[in-house]
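Below, each value reflects all heavy atoms present in this structure, side chains not excepted, and no hydrogens, waters or symmetry copies.
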Amino acid sequence: IASLQAGPDDLLETQESIALVHAALSQLPFKQREVVALYELEGMEGKDIALFLAIPEGTVWTRLHHGRAALSKKLRARLQKEPQQDGEPR
């Protein structure tokens with residue numbers, strides 16, 4: 001069980017990853033951000049998000065698709081800029 005416990009370096013890396021995702025998420029347009037957050041972070045179903053936001057379910061899926069694509073692009077760009085521990089860019 002000791003091997004399942006995270007060390008300080010692992011916790012720091014996790015915190016940095018969470019901060020990176022939150023920063024990228026905050027850069028999305030509001031309508032995409034709210035759908036991505038409700039689906040990915042809150043675990044809501046598409047039909048429930050549609051009811052909650054009073055929009056068609058197809059709109060939920062479109063916003064989720066575009067939001068995920070933009071989030072992925074932002075994260076990839078950020079990770080390519082960050083140097084690895086050996087000083088080389090990723």
Subject >> Thr59 (side chain) donor-acceptor with Ile55 (main chain) under 3.5 angstrom >> reply: no
Subject >> Shortest non-hydrogen separation from Leu79 to Leu20 and the atoms involved >> reply: CD2-CD2, 3.7 Å
Original post:
CZ/Arg78 to CD/Gln27 distance, rounded to the nearest 0.5 angstrom?
Top reply: 9.0 Å
Original post:
Do Leu53 and Leu38 come close enough that some side-chain heavy atom pair is under 4.5 Å?
Top reply: yes
**OP:** Kindly give the heavy-atom pair with the smallest separation between Leu75 and Val21, and that separation in Å.
**Re:** CD2-CA, 4.1 Å
**OP:** Please say whether more than 12 non-hydrogen atoms of neighbouring residues, nucleotides or ligands are located less than 6.0 Å from CD in Glu45.
**Re:** no
Subject >> Sub-4.5 Å side-chain heavy-atom contact between Gln32 and Arg68 >> reply: no
Subject >> Nearest non-hydrogen partners of Ala50 and Pro56, listed with the distance >> reply: CB-C, 4.1 Å
**OP:** Would you name the heavy atoms of Arg33 and Ser26 that are closest together and state the gap between them?
**Re:** NH1-O, 3.3 Å
**OP:** Spell out, yes or no, whether Ile49 and Leu51 are grouped together once hydrophobic residues are joined by side-chain heavy atoms under 4.5 Å, including indirect joins.
**Re:** no
Original post:
Taking all atoms of both residues into account, what is the closest heavy-atom pair of Leu28 and Leu71, and its distance?
Top reply: CD2-N, 3.9 Å
Subject >> Close side-chain approach of Glu34 to Phe52, heavy-atom, < 4.5 Å >> reply: no
